[in-house]
Amino acid sequence: MEQTIQLDLETIENFYSNEYFKVCKILNCMAGLWPYKGYMDKLCRRVIVSIVILGILFVPYLRGVKKWCGKNLAACSEDIAGTVFASGVFLKYLVTFINEKKLIQVYEEVARNHLALDDPAERAIMAKWAMDGKIKYMGYLGYLTLAGVSFSQMIIVPQMLDLVVPLNESRQRVTITMADFGIDSDQYFYTIYVTYCVVSVVSFFVLTSIDTMYTAIIHQILGIFNVVKYRLLNVQNANFGLNKGNDKTGRDITSLNVISAIRLHHKSLQFIDLIESTYRYCFLILIFICVIFLSFGSITVLEAVSELYNFLRLGIVLFGVAVHLFYLSWPGQLVIDESSDVFRATYESTWYDMPKRTQVLIDIMMMRCRQPCSLTAGGLYVMSFENYGKIIKTTGSYITVLASFRG
């Protein structure tokens, strides 16, 4: 049922060029995060990304915090939120390429899991979940693209309206950012605008390259869980080599089929642990950054209520952070659900027709399946809808309190 797969660079590159992973691979290559690229290629891209995020995004916002805090609440809140965002993007990027060796293990395990299966039904299960992952990350990419374009281009809407529907006087420009670039924001408006667009594009590639590959990987392990369920529920299936003319042979083959399901389940648990150890600190940074950003971002949005364009722009960013956190909580919830469902499949299998020694193995597997798998942020926060809801509820309460103070 499974083959021993020897992986080389060409096999891995070809595998990740398939329809399910190709977009993820391209994004990772552009961000300098694809571990199989040449050393100089990765180094150059990582240096450029780091300079853009730290030099052009982080430093101006940090200077803005020093300039506005204690003088202008809205400007100070925006700069704190910007500083937090820049820190989060860079730390997420840094942790990812620091964990490059672990990511290589993850990528190779993903390829090996796909290529090792030779049963058509099992391959179909893996393909179904891979496509489900692709649909999710393509939807996420579409949303981020739309939100990013809306956020960055809404800045020049007044100038565009002046060209299309001119008034007697020019419309007031939208303030691009309250960050301190060290130059006059009116005189160098378009310089700052172009810089802002570049920063937006770089941040987009960093976030999407990490998040899309994570989603694709998680859906691969979800496919493995469903292959385990398929094997447990079909141990008497002819496709598993059962010889109905010989009861002893049939029982032996049934036991071997169950053992193969148990081994695959054990392998999937080890893979979950590998994914957890690879992404746990990335998630911890993410949760910390999101909570702070949602707090200060809500102040910024409320202070911008009277300025339509700024209110819409900043609202898009705040909503985008909530969507980002939801998107990363979704695979975590699916891991909990699908790993729990293995218990049901184990119970519904024909365990009562199996040899005693096989029933003992089934019992052990059932005891393990009672505790669902989960992905955590540094072991402190479980990535799930329940915890996501708590964060959003807390943020909503915070916004309500702030709105009541504004009167």
Side-chain angles (χ1 to χ4, degrees), residues 77-78 80-89 91-92 95-96 132-133 136-137 139-140 143-144 147 203 207-208 210-212 214-215 217-219 221-222 225 272-273 275-305 311 314-341 343 369-406:
S77 298
E78 180 182 333
I80 290 175
T83 303
V84 169
F85 174 78
S87 303
V89 172
L91 288 174
K92 190 172 183 178
V95 169
T96 301
D132 190 49
K136 286 187 177 71
Y137 74 65
Y140 177 70
Y143 168 76
L144 281 190
S203 299
L207 293 175
T208 55
I210 298 170
D211 296 345
T212 55
Y214 166 71
T215 299
I217 289 170
I218 293 301
H219 278 75
I221 195 63
L222 296 176
F225 281 140
I272 283 287
D273 290 340
I275 295 173
E276 162 82 6
S277 65
T278 303
Y279 286 97
R280 63 187 307 177
Y281 295 113
C282 185
F283 286 151
L284 184 61
I285 293 168
L286 168 71
I287 298 301
F288 180 72
I289 294 299
C290 282
V291 170
I292 297 177
F293 188 93
L294 288 170
S295 300
F296 286 99
S298 60
I299 298 175
T300 306
V301 171
L302 289 173
E303 290 295 324
V305 169
F311 176 74
L314 298 171
I316 287 171
V317 176
L318 193 66
F319 182 70
V321 172
V323 170
H324 180 228
L325 187 55
F326 172 82
Y327 175 78
L328 294 181
S329 298
W330 195 355
Q333 182 64 48
L334 288 173
V335 167
I336 295 173
D337 294 341
E338 294 300 324
S339 62
S340 299
D341 207 32
F343 175 83
C369 292
R370 286 177 181 173
Q371 178 62 41
C373 299
S374 63
L375 297 169
T376 69
L380 303 175
Y381 173 95
V382 177
M383 304 296 291
S384 66
F385 284 161
E386 181 181 358
N387 286 330
Y388 170 78
K390 290 178 181 178
I391 289 179
I392 297 302
K393 183 178 179 181
T394 302
T395 302
S397 301
Y398 185 64
I399 292 175
T400 303
V401 171
L402 287 175
S404 66
F405 276 113
R406 290 185 80 255

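In this chain, residues are counted from 1 in sequence order.
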Report the distance from atom [atom1] of [X] to atom [atom2] of [Y], rounding to the nearest 0.5 Å.
| X | Y | atom1 | atom2 | value |
| --- | --- | --- | --- | --- |
| T208 | Y143 | OG1 | OH | 14.0 Å |
| T394 | L294 | OG1 | CG | 10.0 Å |
| L144 | L207 | CG | CG | 7.0 Å |
| Y281 | L91 | OH | CG | 14.5 Å |
| I336 | D341 | CD1 | CG | 13.5 Å |
| S77 | I80 | OG | CD1 | 6.0 Å |

Heavy-atom pair of closest approach, residues [X] and [Y]:
| X | Y | answer |
| --- | --- | --- |
| G378 | L284 | N-CB, 4.0 Å |
| L325 | I287 | CD1-CD1, 3.5 Å |
| V382 | S374 | CG1-CB, 3.9 Å |
| C373 | I272 | CB-CG2, 4.3 Å |
| V321 | C290 | CG1-SG, 3.8 Å |
| A322 | Y388 | O-OH, 3.1 Å |

* Could you pull out all residues at least two apart from Y381 that satisfy ring pair (Phe, Tyr, Trp, His ring centres under 6.0 Å)? =>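 None.
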* Pairing residues for F288 by the ring pair (Phe, Tyr, Trp, His ring centres under 6.0 Å) criterion, not counting sequence neighbours ->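 Once residues adjacent in sequence are excluded, F288 has no partner under the ring pair (Phe, Tyr, Trp, His ring centres under 6.0 Å) criterion.
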Between [Y] and [X], is there a side-chain heavy-atom distance shorter than 4.5 Å?
| X | Y | answer |
| --- | --- | --- |
| F293 | V317 | yes |
| S203 | F85 | yes |
| N387 | S384 | yes |
| L334 | I218 | no |
| R280 | I275 | no |

* For Y214, the option from Y137, Y140, Y279, W330 that meets ring-ring contact (aromatic ring centres under 6.0 Å, His included) ->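 For Y214, the ring-ring contact (aromatic ring centres under 6.0 Å, His included) check succeeds only for Y279.
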* Asked: Quick one: salt bridge (charged side-chain N to carboxylate O under 4.0 Å, His left out) pairs with a partner in residues 369-386, sequence neighbours left out?
  -> E386-K390
* Asked: Does the distance from a Lys or Arg side-chain N to an Asp or Glu carboxylate O, for K92 and D211, drop under 4.0 Å?
  -> yes
* Exam field: side chain E338 to backbone L222, donor-acceptor pair closer than 3.5 Å ->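 No; judged by distance alone, with no hydrogens or angles, the pair does not exist.
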* Between E276 and T376, is there a donor-acceptor pair closer than 3.5 Å when you use the side chain of the first and the backbone of the second? ->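 Side chain of E276 to backbone of T376, a donor-acceptor pair under 3.5 Å: yes, one is there.
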* Donor + acceptor pair across side chains of Y327, T215 (<3.5 Å) -> yes
